[in-house]
*Asks:* 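Have a look at the structure that comes next, please.
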Amino acid sequence: KLAILDDDRTHLQLIEQALQGGEEAWVKQLECRYFTTGEDLMVALNAGHFDGVILDRQVGDVSGDDVLRWIRAHCPPQMIVLMVTSLIGAQEVVNLLTAGADDYVTKPFHGAELLARVRRLLARRVLSQPPTENKSPQTTFELFGCVFDRSSLSILTTSGVTLSLTEREFSLVEFMLKHEVQPMSRAQIFEGVWQRPYLNNSRVVDALVHRVRARLGLRPDVGFVLHQVYGFGYRLDVVKDAGL
């Protein structure tokens, strides 16, 4: 799971495209969250787990250099940090590495180079991290009588039927259930499911909604109705007495 900081949305798109890298690039699915302010990033790092961070050095509110120093003071030491910079010299490289950066790329960067550096850093992190104690995190929750299991990406309905979903499909259903009967814009859905800024991604939102509709058969007799709010987004209505 990576956090990416850049206040230029065009650069965020370039980084996103670079990190996708094709199906062969990642053994496990890479999850990314995108931030346009250093303050929002630090709040997220303080609240949740991330394996690594990509920082642009020139950000309006809090510079990437300051965020780097904050990370090394407040986050686990095994968290990887890759800096993206347009100004680099011999002394600047020394300063970045001394401050705790694991690596850097210079602008304009090549997507394949960025991907290779991130993969190398994450692989090194996995090899170096100590064994963890056996833990049993809470992976299930219940809404309207249905049991949602994040570990298996499945839903157990009240009628005993188990529905298997992809990660995105599961996230969409969970997000819409938590906002039952509320009209949600495509931007809200995208940022809630993909966990990154909305960059006119209406087509991917529509495609995911249509796929979930088809796979789960969302209609009144099964208890869920996913309505399109024309020109805006979608709304999920739950029929609580449908006998799920």
Side-chain angles (χ1 to χ4, degrees), residues 1-21 25-26 28-133 135 137 190-192 194-199:
K1 184 176 180 180
L2 293 180
I4 295 94
L5 172 66
D6 198 313
D7 58 4
D8 187 317
R9 292 182 181 272
T10 300
H11 290 160
L12 285 179
Q13 285 183 307
L14 292 174
I15 293 173
E16 177 184 7
Q17 292 169 4
L19 292 179
Q20 289 175 350
W26 303 104
K28 295 183 178 180
Q29 183 171 353
L30 180 69
E31 179 182 349
C32 296
R33 287 190 61 186
Y34 297 82
F35 300 87
T36 55
T37 69
E39 183 178 353
D40 287 345
L41 171 61
M42 290 187 288
V43 170
L45 292 176
N46 197 46
H49 166 78
F50 288 85
D51 298 295
V53 183
I54 299 176
L55 299 176
D56 186 271
R57 294 185 69 194
Q58 296 177 313
V59 180
D61 67 328
V62 182
S63 72
D65 291 6
D66 288 338
V67 175
L68 170 62
R69 285 188 282 270
W70 183 91
I71 287 173
R72 289 313 181 209
H74 297 88
C75 295
Q78 65 268 26
M79 178 180 289
I80 67 166
V81 180
L82 184 143
M83 305 294 290
V84 180
T85 179
S86 56
L87 301 173
I88 201 72
Q91 188 57 47
E92 286 180 291
V93 172
V94 173
N95 293 342
L96 284 179
L97 298 177
T98 302
D102 295 289
D103 204 348
Y104 69 92
V105 293
T106 57
K107 297 179 181 179
F109 59 82
H110 294 287
E113 178 189 0
L114 176 66
L115 175 62
R117 290 181 182 274
V118 171
R119 291 183 63 193
R120 180 181 63 82
L121 289 173
L122 287 175
R124 190 175 71 187
R125 178 189 183 279
V126 170
L127 291 174
S128 64
Q129 64 185 6
T132 57
E133 299 179 0
K135 297 182 180 180
F190 185 88
E191 293 179 358
W194 276 264
Q195 294 294 306
R196 59 177 185 262
Y198 179 74
L199 303 172

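Computed from heavy atoms alone, side chains included, the values below leave out hydrogens, waters and symmetry copies.
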*Asks:* In Å and rounded to the nearest 0.5 Å, what is the CG to OH distance from Leu12 to Tyr34?
*Replies:*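 Nearest 0.5 Å value for the CG-OH distance: 7.5 Å.
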
*Asks:* Output the distance between atom CG (Asp7) and atom OG1 (Thr37), rounded to the nearest 0.5 Å.
*Replies:*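 Output value for this atom pair is 9.0 Å.
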
*Asks:* Check Ile15, Val84, Val118, Thr85 against Val105 for a side chain to side chain contact (heavy atoms under 4.5 Å, CB included) and give me the one that passes.
*Replies:*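 Among Ile15, Val84, Val118, Thr85, the one that satisfies the side chain to side chain contact (heavy atoms under 4.5 Å, CB included) with Val105 is Val84.
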
*Asks:* Indicate yes or no: at least one non-hydrogen side-chain atom of Leu41 is less than 4.5 angstrom from one of Val62.
*Replies:*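 Contact flag for Leu41/Val62 side chains = no.
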
*Asks:* Grab the two heavy atoms, one from Ala18 and one from Leu114, that are nearest each other, plus how far apart they are.
*Replies:*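 The pair with the smallest heavy-atom distance is CB-CD2, 3.9 Å.
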
*Asks:* Are Asn95 and Asp65 packed together at the side-chain level, in the sense that at least one heavy-atom pair is separated by less than 4.5 angstrom?
*Replies:*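 Not in contact.
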
*Asks:* CG of Asp102 to CE of Met83: how many Å apart, nearest 0.5 Å?
*Replies:*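 Between Asp102 CG and Met83 CE, I get 11.0 Å after rounding to 0.5 Å.
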
*Asks:* Report the residue from Val67, Leu68, Leu45 that forms a side chain to side chain contact (heavy atoms under 4.5 Å, CB included) with Val53.
*Replies:*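 So the option named by the test is Leu45.
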
*Asks:* Phe50 and Ala44: which non-hydrogen atoms are nearest, and at how many Å?
*Replies:*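 That would be CE1-O, 3.7 Å.
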
*Asks:* Could you check if a side-chain atom of Asp61 sits within less than 4.5 angstrom of a side-chain atom of Asp40, using non-hydrogen atoms only?
*Replies:*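 Asp61 does not reach Asp40 side chain to side chain.
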
*Asks:* If we only count heavy atoms from C-beta on, is the Ile71 to Leu55 side-chain gap below 4.5 Å?
*Replies:*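 Counting from C-beta outward, Ile71 and Leu55 do come under 4.5 Å.
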
*Asks:* Hey, are the side chains of His11 and Lys107 touching, using non-hydrogen atoms and a 4.5 Å cut-off?
*Replies:*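 Yes, at least one pair of side-chain atoms sits under 4.5 Å.
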
*Asks:* Working to the nearest 0.5 angstrom, can you tell me the gap between Asp8 CG and Asp56 CG?
*Replies:*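 Answer rounded to 0.5 Å: 8.0 Å.
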
*Asks:* Around atom CD of Glu39, are there more than 12 heavy atoms of other residues, nucleotides or ligands at under 6.0 Å?
*Replies:*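 Incorrect, the count does not exceed 12.
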
*Asks:* Could you pull out the closest heavy-atom pair between Ile4 and Cys32, with the gap in Å?
*Replies:*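 Between these two residues, the closest heavy atoms are CD1-CB, 3.8 Å.
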
*Asks:* If you measure from CG on Leu14 to CD on Gln17, what distance do you get to the nearest 0.5 Å?
*Replies:*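 CD of Gln17 is found 6.0 Å from CG of Leu14.
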
*Asks:* Flag the pair Trp70 / Cys75 as yes when at least one side-chain heavy-atom distance between them is below 4.5 Å, and no otherwise.
*Replies:*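 SC-SC contact between Trp70 and Cys75 confirmed.
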
*Asks:* Check Lys1 against Arg33 and note the closest heavy-atom contact, atom names and distance.
*Replies:*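 Shortest heavy-atom separation between Lys1 and Arg33 comes out as CE-CD, 4.2 Å.
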
*Asks:* Distance from Arg120 atom CZ to Ile80 atom CD1, nearest 0.5 Å?
*Replies:*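 Between Arg120 CZ and Ile80 CD1, I get 9.0 Å after rounding to 0.5 Å.
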
